[in-house]
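Encoded as structure tokens, the structure appears first; notes follow it.
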Amino acid sequence: MLSMERKNRTSMDVIRKGDELELDIEKLAYGGKAVSRVEGLVVFTDHGVPGQRIRARITRKKRQYAEARALEVLSESPSYAAPFCPHFGVCGGCAWQDLAYGDQLKWKRVHVLECLEHLAGVGEALVEPLVPSPSETYYRNKMEFTFSDRRWLSTEEINSRGMQDADRLTLGLHVRGFFDKIFDVETCFLESVQAVDILRATREWCAASGIPAYGIKTQQGFWRFLVVREGKKTDQALIHIVTTNRPEYQQYVDDLAEHLLSRIPKVTTIIHSISDKKAQVATGDATRVVFGPGFIEERLGELTFRISAHSFFQTNPRSAEMLYETVCRLSGFEGGETVWDLYCGTGSIALFIASRVRKVVGFEVVAEAIEDAYVNARLNGIGNCSFVAGDLKDMIRDARRPGGDADLPDTVITDPPRAGMHPHVVKALLEIAPRRIIYVSCNPATLARDLAELLVDYEVRKVQPFDLFPHTPHIECVVRLDKRMDS
């Protein structure tokens, strides 16, 4: 509903920053924002469910679009689902919790189609319906919680008690839309009930210790991060505590570990890492084992994987099993293939497919991940996998030289980070010209960019999207590409 003042403006200036107006949510854009239109102008709202009518305030105005913040739902959508977490709306995670799960899957497939629609020959018939996550809650095997020297207070708390609790140590997750605001998590449906018990016990003990939490703005304090990792099939738990480098406080970490072991006896191992980096990343430059073996184990299919504090491992392992089986099915292995696994991490895909091919060579830039890959290969008695650490674009160039120490592949599996493949890697793939490429992507936008380059010599045969992260906009895809007969 436009006011008379707005109706009298030109079409180019139909809305301005600060205007409040009613919007009908038409769809969800890739990334999760809600889409509406006002006099032909597209408005992206920070949140909304398709079919809702909302009141929103314009926060940004550009020539081609505007951005808005949702203030109130005026009429509800048939796609609405009541959020099950009391932190919904404050927490930066699970932003789609109020969208029915079936609709989440529908919109994720739409986003894959929209990202790929400009690619020749990639039509709707090639994109399968999303494979849902086996679990919609408690599906994660890792959660990172952040300490802060200032607690975020809700409007209700400020109105009732003022700012008296703002300076209290807090441990939880980031407030939606803020990198520097942390709220106390009391309930979470992502990892497990035990993970929340560990979180609460840690927060209570650290607050009582009197040792200050690290402040993002002051860059002072001791406690920085708590990371909880679990084996969903092994029922093992790893606690990783990250602090600044204060030797006089180290005994407090040992005392905290002793307290957690007395409260939560199922804990398998406790690790302490030290980091004085300004970057808010839950890793450390120096690491020691406080209790236990220093790792936990998890199973995928018939394989056992060892996971340490800094190991990369699929966050939703039950869905990862299904994804890896799809990689095998779309690859069509017959047993004699040489396979290259690019961006192999700790070797989970390479080891999963090893029994179905002649040889696998994994490439990865992180040396520690390669060490973990070899440990996991030995743990499972797998001898036909080798792993190479270094810059991928350089390794591929060296491997394809005459006399290179790696057999040229029949199939290449590539599982790059969100940024997609480096252009030199794409170029090298076209020069190596494997018979088949299996592209595992966590970002349909960069997937589309890379496919556009590969389609010079390849054709897409199948796109299988997966939902590894229910209640979020994130999408995983497995794509099969076959070499064109005329290239």
Side-chain angles (χ1 to χ4, degrees), residues 27-33 35 44 65 95-96 104-105 107-124 126-128 130-131 281 312-316 319-320 323-324 326-327 330-331 340-345 348-349 362-366 369 391-397 411-432 434 436-469 472-482:
K27 58 179 291 186
L28 294 173
Y30 173 63
K33 289 189 176 181
V35 178
F44 295 101
Y65 67 92
W96 281 10
Q104 294 181 32
L105 300 178
W107 283 108
K108 290 185 181 188
R109 182 172 184 268
V110 167
H111 295 158
V112 174
L113 287 167
E114 289 177 344
C115 288
L116 303 183
E117 65 183 354
H118 68 283
L119 299 178
V122 184
E124 183 171 354
L126 293 181
V127 181
E128 296 290 321
L130 256 83
V131 176
V281 181
F312 170 79
F313 198 74
Q314 285 286 358
T315 310
N316 185 338
S319 282
L323 186 148
Y324 292 175
T326 298
V327 168
L330 294 185
S331 297
W340 283 9
D341 180 13
L342 311 185
Y343 309 92
C344 69
S348 55
I349 292 180
F363 298 86
E364 170 60 48
V365 70
V366 181
D391 192 306
L392 186 56
K393 63 182 186 295
D394 297 330
M395 290 188 295
I396 290 182
R397 178 195 61 211
T411 299
V412 168
I413 298 170
T414 180
D415 185 5
R418 289 191 60 79
M421 292 192 289
H422 190 284
H424 291 173
V425 175
V426 177
K427 181 181 178 182
L429 277 179
L430 291 170
E431 293 177 3
I432 294 166
R436 182 163 296 151
I437 298 172
I438 303 295
Y439 195 134
V440 182
S441 169
C442 60
N443 185 342
T446 55
L447 168 66
R449 181 202 66 201
D450 292 345
L451 290 184
E453 299 296 322
L454 293 172
L455 287 179
V456 173
D457 292 335
Y458 288 84
E459 60 180 341
V460 174
R461 300 298 300 274
K462 186 70 68 178
V463 180
Q464 178 60 75
F466 284 82
D467 184 23
L468 267 64
F469 302 99
T472 78
H474 298 297
I475 314 164
E476 201 94 5
C477 289
V478 180
V479 181
R480 170 177 161 175
L481 299 102
D482 286 354

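Predicted, not measured: the structure shown is a model, and the values here were computed from it.
In plain terms, the two heavy atoms of Pro473 and Gly31 that are nearest each other are CG-O, 3.4 Å. Across every non-hydrogen atom of Ala369 and Glu364, the tightest pair is CB-CG, 4.0 Å. The two atoms that bring Leu126 and Val460 nearest to each other are CD1-O, 3.5 Å, heavy atoms only.
Residues Thr315 and Phe469 have side chains in contact (heavy-atom distance under 4.5 Å, counting atoms from C-beta outward). The shortest side-chain heavy-atom distance between Leu130 and Phe466 does not fall under the 4.5 Å cut-off. Within the 4.5 Å cutoff, the side chain of Glu476 has no heavy atoms near those of the Asn316 side chain. No side-chain heavy atom of Ser319 sits less than 4.5 Å from a side-chain heavy atom of Asp467. Put simply, the side chain of Leu451 does not reach to within 4.5 Å of the side chain of Tyr458, judged on heavy atoms.
Taking the side chain to side chain contact (heavy atoms under 4.5 Å, CB included) definition, one finds that Ala95 meets it with nothing, sequence neighbours left out. Listed by chain and residue number, Glu124 satisfy the side-chain hydrogen bond (donor to acceptor under 3.5 Å, both in side chains) test with Arg109 (two or more places apart in sequence, or in another chain). The ring-ring contact (aromatic ring centres under 6.0 Å, His included) search around Tyr30 returns none, not counting sequence neighbours. Residues that satisfy the side chain to side chain contact (heavy atoms under 4.5 Å, CB included) test with Thr446, not counting sequence neighbours, are Asn443, Arg449. Contacts of Arg436 classified as salt bridge (charged side-chain N to carboxylate O under 4.0 Å, His left out), with partners at least two apart in sequence or in another chain: Asp482. For Asp450, the side-chain hydrogen bond (donor to acceptor under 3.5 Å, both in side chains) partners are Tyr439, not counting sequence neighbours. Every side-chain hydrogen bond (donor to acceptor under 3.5 Å, both in side chains) that Gln104 has, sequence neighbours left out, goes to His471. Among residues two or more places apart in sequence or in another chain, the ring-ring contact (aromatic ring centres under 6.0 Å, His included) test is passed with Phe313 by Phe305. Annotation: salt bridge (charged side-chain N to carboxylate O under 4.0 Å, His left out) contacts of Asp391 (sequence neighbours excluded): Lys393. For Ser348, the side-chain hydrogen bond (donor to acceptor under 3.5 Å, both in side chains) test picks out Tyr324, with sequence neighbours left out. Phe312 is linked by a ring-ring contact (aromatic ring centres under 6.0 Å, His included) to nothing, counting only residues two or more places apart in sequence or in another chain.
Taking CZ from Arg480 and OG1 from Thr411, the interatomic distance works out to 9.0 Å, rounded to the nearest 0.5 Å. The CD atom of Gln314 sits 6.5 Å away from atom CG of Asp415, with the distance rounded to the nearest 0.5 Å. Between His424 atom NE2 and Glu431 atom CD the span is 10.5 Å, to the nearest 0.5 Å. Taking CZ from Phe363 and CH2 from Trp340, the interatomic distance works out to 4.5 Å, rounded to the nearest 0.5 Å. To the nearest 0.5 Å, atom CG of residue Leu429 and atom CG of residue Leu454 are 6.5 Å apart.
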Which atom pairs, donor and acceptor, lie under 3.5 Å between side-chain atoms of residues 111-123 and protein residues at least two apart or in another chain?
unit_1: His111; atom_1: ND1; unit_2: Trp107; atom_2: O; d: 3.3
unit_1: His111; atom_1: NE2; unit_2: Leu28; atom_2: O; d: 2.6
unit_1: His111; atom_1: NE2; unit_2: Ala29; atom_2: O; d: 3.4
unit_1: Glu114; atom_1: OE2; unit_2: Lys27; atom_2: NZ; d: 2.7
unit_1: His118; atom_1: ND1; unit_2: Cys115; atom_2: O; d: 3.4

As a quick check of understanding, evaluate side chain to side chain contact (heavy atoms under 4.5 Å, CB included) for Thr414 and Val425, giving each step before the final call. CA-CA 10 Å; Thr414 180; Val425 175; 5.6 Å; no
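In this structure, the side chain of Lys462 does not engage the main chain of Val478 through any donor-acceptor pair within 3.5 Å.
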